[in-house]
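To start, the structure under review is shown below, and the notes come after it.
Order of appearance sets the numbers: ligands from 1, and atoms from 1 within every ligand.
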Amino acid sequence: MKLPSHLTVEGGHLHIGGRDIVDLAETYGTPLYVTDLDRIVGNFKRFTSALTAHYPAVQVLFAAKANGNLAVMRALAEQGAGADVFSSGELELALQAGMQPDRLLFNGSSKSPADLALAVETGVRVSVDSIDELRQLEAAAAEAGKSVEIAFRVNPALEVPTHPKIATGLKTSKFGIPAEEIVGAYAEALACEHIDPAGIHCHIGSQILEVEPFARAAAVMVEVAKEVTNLGAEIRFLDVGGGLGIPYHHDTDAAPTPEEYAAAVMPVFLQGIRDAGIDPALWVEPGRWLVGDSSVLVARVNSVKRAHRTFVNVDAGFNLLVRPAMYDSYHEVVVANKADRPADGTYTIAGPICETGDLLAQDRDLPAPEAGDLVAVLDAGAYGFAMSSQYNSRPRCAEVAVRGGKHALMRRAEDLGDVTAAMQEPAWQD
Ligand code: LLP
């Protein structure tokens, strides 16, 4: 199997960022997420320069939902990243990580009054998802005596080639305002005393392995920008969202590079803004592309069972990586302590959760795993730990960061006390 440059095999062991995964599992225990922060920084630099090669005024916002660890966000903040934040929690974490407020966009289709108040208080830009929300935000800003810069989330009504659960710009999606209604929304926003409409925003979906849908979305966006400009408004930024996919099937996925993405999107964007006579900043919101390949989930084999297929029962399941169960996602697996051995059979990696669907990988050709071996699930850095749970009362595992050859915890393992920490006995049970 092809491995990206930060994953290597030395002495039969899989390494990440130069560190032996077998040693890390000994040191920190399993299950364990290991994240190569250098890889994330490298991904960010590559993504950014692919776009700035065409246009200087580009701001890359990390989609914080993909990986909410503060160490990850701090590593990106140090590089000048902003963030797409989708909750008050993500907003606060991004600020804690040192991201500048003017590089954040507060997204979300269902913001609460408290969310809107926090946006006003922190002064971040808000992507407004409905007219109802616009009116509530105007009221919140008026009450605080402040002005809020906004974008409208545009629903571009585009079909995209990805799992239906992660296509977000369909006509039927819950996100955004139909493109043809944006001019009216903008007119209302211009009339609001405490709202400063400054941009438009969209996001068409995630794990998209073709560039053409992004070019189509850019075309819709520059058209909307033109109409809004004709209304007399000034479009200062145009946010085309995230969504570029990564090659989860290492040997067969033909994933576009950021350079190919830029080559498809930038000419449409540049021509469109030229036609409209505007020069907005271009914002993009990659999540998966920045962090997806940076992490492995390391699980230890508890037992092997030969049944109608051979199950390799490991200590991590969909409590720690829900993507295979939720989206039928494919993740490559490597037997980390037998990484140089040839496959000798077909195995299904099963987690410890009490559900039939708790399979991390199905029917994979691997060197015979045995109890005590380590299975590394690759490309777990995006929507991996971020979507973990304590289902079956399983404390979440630790996360280790690797950087410049060093390793350190970036999250300790939980214990049962963390599972019960917020529970309370109703008084009548005393
Ligand atoms: N911007 C917005 C407004 C988004 O909703 C998302 C992702 C992104 C940016 C980043 O998209 P990315 O570049 O990561 O594709 N849990 C699913 C993915 C859900 C994506 C939700 N929105 C998965 O594991 O595949």
Side-chain angles (χ1 to χ4, degrees), residues 40 43-44 47-48 50-51 59-68 72 76 81-87 90-91 94 104-111 125-129 151-156 158 160-170 173-177 199-211 213-214 217 221 237-248 253 255-256 258 261 265 283-295 297 318 320-331 360 377 379-389:
I40 293 176
N43 288 347
F44 176 81
F47 200 95
T48 306
L51 292 165
Q59 179 63 55
V60 178
L61 279 65
F62 169 52
K65 72 209 77 180
N67 191 322
V72 168
L76 285 164
D84 139 37
V85 296
F86 218 83
S87 68
E90 288 181 3
L91 170 54
L104 303 182
L105 187 66
F106 195 167
N107 290 320
S109 52
S110 182
K111 301 188 193 78
R125 292 183 183 85
V126 179
S127 173
V128 171
D129 202 280
F152 280 109
R153 169 86 178 243
V154 179
N155 179 330
L158 289 179
V160 291
T162 189
H163 191 286
K165 283 186 185 160
I166 55 176
T168 48
L170 307 174
S173 299
K174 69 172 180 174
F175 301 104
I177 298 172
I200 48 174
H201 168 225
C202 79
H203 172 70
I204 59 173
S206 196
Q207 184 53 16
I208 298 170
L209 289 176
E210 292 168 24
V211 293
F214 296 108
M221 292 298 277
F237 71 98
L238 201 155
D239 184 334
V240 292
L244 185 61
I246 62 170
Y248 284 107
D253 276 345
Y261 168 83
V265 169
W283 288 16
V284 285
E285 303 176 342
R288 191 186 314 269
W289 209 90
L290 299 185
V291 295
D293 70 7
S294 71
S295 310
L297 170 59
F318 79 58
L320 294 175
L321 182 65
V322 79
R323 302 193 68 258
M326 192 152 174
Y327 317 107
D328 296 318
S329 306
Y330 181 97
H331 286 257
L360 291 174
V377 183
D379 305 308
Y383 311 105
F385 194 97
M387 295 178 78
S388 64
S389 73

Exercise for the section: Enter the distance from Ser295:OG to Leu321:CG here, rounded to the nearest 0.5 Å. Expected result: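 So the gap between those two atoms works out to 10.5 Å.
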Problem - Nearest-0.5 Å distance that lies between atom CG in Asn107 and atom CD in Glu90 - result: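 Rounded to the nearest 0.5 Å, the CG-CD separation comes to 9.5 Å.
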Minimum-distance protein heavy atom relative to [atom]:
{"atom": "atom 24 (O) of ligand 1", "answer": "Arg323 NE, 2.6 Å"}
{"atom": "atom 14 (O) of ligand 1", "answer": "Tyr383 OH, 2.6 Å"}
{"atom": "atom 5 (O) of ligand 1", "answer": "Lys65 NZ, 3.2 Å"}
{"atom": "atom 25 (O) of ligand 1", "answer": "Arg288 NH2, 2.8 Å"}
{"atom": "atom 17 (C) of ligand 1", "answer": "Tyr327 OH, 3.1 Å"}
{"atom": "atom 11 (O) of ligand 1", "answer": "His203 CE1, 3.3 Å"}

Exercise for the section: Would you mind telling me if ligand 1 is within reach of the side chain of Met387, the backbone, both or neither, using heavy atoms under 4.0 Å? Expected result: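 Side chain only; the backbone of Met387 stays clear of ligand 1.
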Using a 4.0 Å cut-off to any heavy atom of [X], which atoms of ligand 1 qualify?
{"X": "Ser206", "value": "11 (O), 12 (P), 14 (O), 15 (O), 18 (C), 20 (C)"}
{"X": "Pro286", "value": "13 (O)"}
{"X": "Ile166", "value": "17 (C), 18 (C), 19 (C), 25 (O)"}
{"X": "Arg153", "value": "3 (C)"}
{"X": "Glu285", "value": "1 (N), 2 (C), 3 (C), 8 (C), 9 (C), 10 (C), 13 (O)"}
{"X": "Ala63", "value": "8 (C), 9 (C), 10 (C)"}
{"X": "Gly242", "value": "9 (C), 13 (O)"}

Would you check if the side chain of [X] reaches a backbone N or O of [Y] as a donor-acceptor pair within less than 3.5 Å?
{"X": "His203", "Y": "Gly242", "result": "yes"}
{"X": "Thr162", "Y": "Ser206", "result": "yes"}
{"X": "Asp379", "Y": "His331", "result": "no"}

Kindly give the heavy-atom pair with the smallest separation between [X] and [Y], and that separation in Å.
{"X": "Ile208", "Y": "Pro213", "value": "CG2-CG, 4.1 Å"}
{"X": "Pro156", "Y": "Ile204", "value": "CG-CG2, 3.8 Å"}
{"X": "Leu209", "Y": "Pro256", "value": "O-CD, 3.3 Å"}
{"X": "His163", "Y": "Tyr327", "value": "CD2-O, 3.3 Å"}

Exercise for the section: State whether the shortest distance between N or O atoms of Asp84 and N or O atoms of ligand 1 falls below 3.5 angstrom. Expected result: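 Yes.
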Handout entry: Heteroatom proximity flag, His201 to ligand 1, N/O under 3.5 Å
Key =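 By distance alone, the answer is no.
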Exercise for the section: Taking the side chain as every heavy atom from C-beta outward, state whether Ile166 and Arg288 have any atom pair closer than 4.5 Å. Expected result: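 With C-beta onward as the side chain, the pair touches.
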Practice task
Work out whether the distance between some heavy atom of Gly243 and some atom of ligand 1 is less than 4.0 Å.
Solution key: yes
Problem - Aromatic ring proximity Phe47/Tyr261, centre distance under 6.0 Å - result: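 That pair passes the under 6.0 Å test.
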